[in-house]
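Values in this document were obtained by computation on a predicted structure and should not be read as measured data. All residue numbers refer to positions in the sequence shown, counting from 1.
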Amino acid sequence: MGTYGSAHIVWDWNGTLFHDNDAIIGATNAAFAELGLEPITLEQYRALYCVPVPRFYERLMGRLPTDTEWQLMDEVFHRYYAEHRVRCRLTEGAVELLAGWRSAGRSQSLLSMYGHEELVPMVRALGIEAHFVRVQGRTGPSGGSKAEHMVRHIRALDGVNPARTVVIGDAADDAVAARHVGARAVLYTGGSHSRASLEEVGVPVVDTLQEAVAEAERLAA
């Protein structure tokens, strides 16, 4: 599992290692269409997206969705996404970065809010599972924060020191989850948030995964 105290990265999946913006926006707009809402652009999504997800919908609807509306939108979103994710690929340079971090004798894991039963086969099919000491997706209802999932994730990693752990993700919630366990965070602008919204969080913000890994190495030194 690695030497206690060595640098460790917890990677996010959607919008970070997995470049699925087109599928995410398409699924979001498919969900909106169920309630007669106008479609949004990637730029609008990045400016407004937040968790818990019903609050994101509130920003667009002017009110929180009802339980029935939320269930409908959530089902449509995941159905559309499952159909269209097959056209998405890993973010440029991800494979080389994962291999390089591992070959340097450092550990890394993957924690996603995408469903665990769907996540693991995707990671395996893309040929990168061996780079991670743990691959963990969401269990339970969708739409919440990553913080409590991060607690369980870190506890399951033998020999990993939270103080030398860096979370790399594309959302403000990744930084919140990192702080929740005493880890650091680097946020990547290629996914769900705009640079302006990420910079409000108060952690390093980068435009490439290469920069993210370099920053993680510095923070965990």
Side-chain angles (χ1 to χ4, degrees), residues 1-18 49-53 91 93-94 97-116 119-120 123 128-193 197-221:
M1 192 66 79
T3 304
Y4 185 80
S6 64
H8 180 84
I9 290 176
V10 178
W11 289 95
D12 173 57
W13 182 243
N14 303 99
T16 303
L17 285 176
F18 192 53
Y49 181 76
C50 63
V51 295
V53 176
T91 301
L97 290 167
L98 293 171
W101 188 265
R102 182 186 178 199
S103 66
R106 295 174 291 218
S107 59
Q108 56 199 331
S109 57
L110 175 59
L111 175 61
S112 174
M113 293 299 284
Y114 192 52
H116 184 78
L119 174 68
V120 173
V123 174
I128 58 173
E129 184 180 22
H131 294 307
F132 304 109
V133 296
R134 183 174 179 83
V135 174
Q136 179 182 339
R138 171 187 50 79
T139 56
S142 62
S145 173
K146 185 179 276 188
E148 291 305 321
H149 296 271
M150 186 67 74
V151 171
R152 292 190 290 273
H153 187 76
I154 294 296
R155 284 176 180 167
L157 297 176
D158 295 333
V160 169
N161 181 358
R164 297 201 64 204
T165 296
V166 179
V167 176
I168 297 179
D170 68 317
D173 191 51
D174 291 301
V176 172
R179 288 172 182 157
H180 199 65
V181 296
R184 312 290 285 276
V186 178
L187 298 180
Y188 163 62
T189 62
S192 63
H193 280 40
S197 62
L198 292 178
E199 287 176 341
E200 294 175 0
V201 182
V203 302
V205 177
V206 299
D207 295 319
T208 68
L209 293 189
Q210 289 87 346
E211 293 173 286
V213 170
E215 190 66 19
E217 191 168 12
R218 183 187 70 80
L219 290 172

> Any side-chain heavy-atom pair from V213 and W11 closer than 4.5 angstrom?
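They are in contact (side-chain heavy atoms under 4.5 Å apart), so the answer is yes.
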
> I need the minimum non-hydrogen distance between V201 and A172, along with the two atoms involved.
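Distance-wise, the nearest heavy atoms are CG2-CB, 3.7 Å.
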
> What's the spacing between S107 OG and R134 CZ if we round to 0.5 Å?
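Output value for this atom pair is 13.5 Å.
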
> In terms of ring plane angle, is the pair W13 and F18 parallel, tilted or perpendicular, where the classes change at 30° and 60°?
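Judged by the thresholds at 30° and 60°, the geometry between W13 and F18 is parallel.
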
> Given side chain to side chain contact (heavy atoms under 4.5 Å, CB included), test T16 with L209 step by step and report yes or no.
CA-CA 8 Å; T16 303; L209 293 189; 4.1 Å; yes

> To the nearest 0.5 angstrom, please state how far the CZ atom of R184 sits from the CZ atom of R218.
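Those atoms lie 7.0 Å apart.
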
> So, taking the atom named CD1 in I9 and the one named CZ in R102, what distance separates them when rounded to the nearest 0.5 Å?
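It is 14.0 Å, given to the nearest 0.5 Å.
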
> First locate atom CD of E215, then atom CD1 of I168, and finally report the distance between them rounded to the nearest 0.5 Å.
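Rounded to the nearest 0.5 Å, the CD-CD1 separation comes to 9.5 Å.
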
> As an exercise, state the distance from OG1 of T139 to NE2 of H149, rounded to the nearest 0.5 Å.
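Atom-to-atom, T139:OG1 and H149:NE2 are 6.0 Å apart.
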
> Hey, is the main chain of L98 close enough, under 3.5 Å, to the side chain of Q108 for a donor-acceptor pair?
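Indeed, once roles are kept as given, a pair shorter than 3.5 Å links the two residues.
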
> Testing the basics here: between S103 and G100, what is the closest heavy-atom pair and its distance to 0.1 Å?
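Shortest heavy-atom contact: OG-O, 3.0 Å.
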
> Would you call L17 and T91 a side-chain contact if the rule is heavy atoms closer than 4.5 Å?
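Side chain of L17 against side chain of T91, heavy atoms only: no contact under 4.5 Å found.
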
> Is the backbone of S192 close enough, under 3.5 Å, to the side chain of D170 for a donor and an acceptor to pair up by distance?
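Yes, the answer is positive, given that a donor and an acceptor are paired below the 3.5 Å cut-off.
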
> Contact between R179 and V203 at the side-chain level, heavy atoms closer than 4.5 Å - yes or no?
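R179 reaches V203 side chain to side chain.
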
> For the CZ atom on R152, are there more than 12 heavy atoms of other groups (residues, nucleotides or ligands in this structure) within a distance under 6.0 Å?
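Buried by this count: over 12 neighbours within 6.0 Å.
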
> Can you name the nearest heavy-atom pair linking A178 to V167, along with the distance?
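That would be CB-CG2, 3.6 Å.
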
> Quick check: do N14 and M113 have side-chain heavy atoms less than 4.5 Å from each other?
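No, their side chains stay 4.5 Å or more apart.
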
> Does any part of the side chain of H8, heavy atoms only, come nearer than 4.5 Å to the side chain of S109, both counted from C-beta?
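Yes; the side chains approach each other to less than 4.5 Å.
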
> Would you name the heavy atoms of V160 and P162 that are closest together and state the gap between them?
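That would be O-CD, 3.5 Å.
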
> How far does OG1 of T208 sit from CD of E211, to the nearest 0.5 angstrom?
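Rounded to the nearest 0.5 Å, the OG1-CD separation comes out at 3.5 Å.
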
> Under the criterion side chain to side chain contact (heavy atoms under 4.5 Å, CB included), I'd like the reasoning laid out for V120 against E129: C-alpha separation, chi angles, the key distance, then a yes or no.
CA-CA 8 Å; V120 173; E129 184 180 22; 4.3 Å; yes

> So do Y188 and D12 actually touch side chain to side chain, heavy atoms under 4.5 Å?
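A side-chain contact under 4.5 Å is absent here.
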
> Taking all non-hydrogen atoms of both residues into account, name the closest pair between V166 and A220 and its distance.
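Residues V166 and A220, closest heavy atoms: CG2-CB, 4.2 Å.
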
> Any side-chain heavy atom of M150 within less than 4.5 Å of one from H180?
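No - every pair of side-chain heavy atoms lies 4.5 Å or more apart.
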
> Would one find more than 12 heavy atoms of other residues, nucleotides or ligands at under 6.0 Å from atom CZ of R138?
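Yes, because the 6.0 Å sphere around CZ of R138 holds more than 12 heavy atoms from other groups.
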
> V176 versus K146: any side-chain heavy-atom pair under 4.5 Å?
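A side-chain contact under 4.5 Å is absent here.
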
> Before you tell me yes or no, could you show the steps for I154 and L111 under side chain to side chain contact (heavy atoms under 4.5 Å, CB included), namely the whole-Å CA-CA distance, both residues' side-chain angles and the distance that decides it to 0.1 Å?
CA-CA 10 Å; I154 294 296; L111 175 61; over 6 Å; no

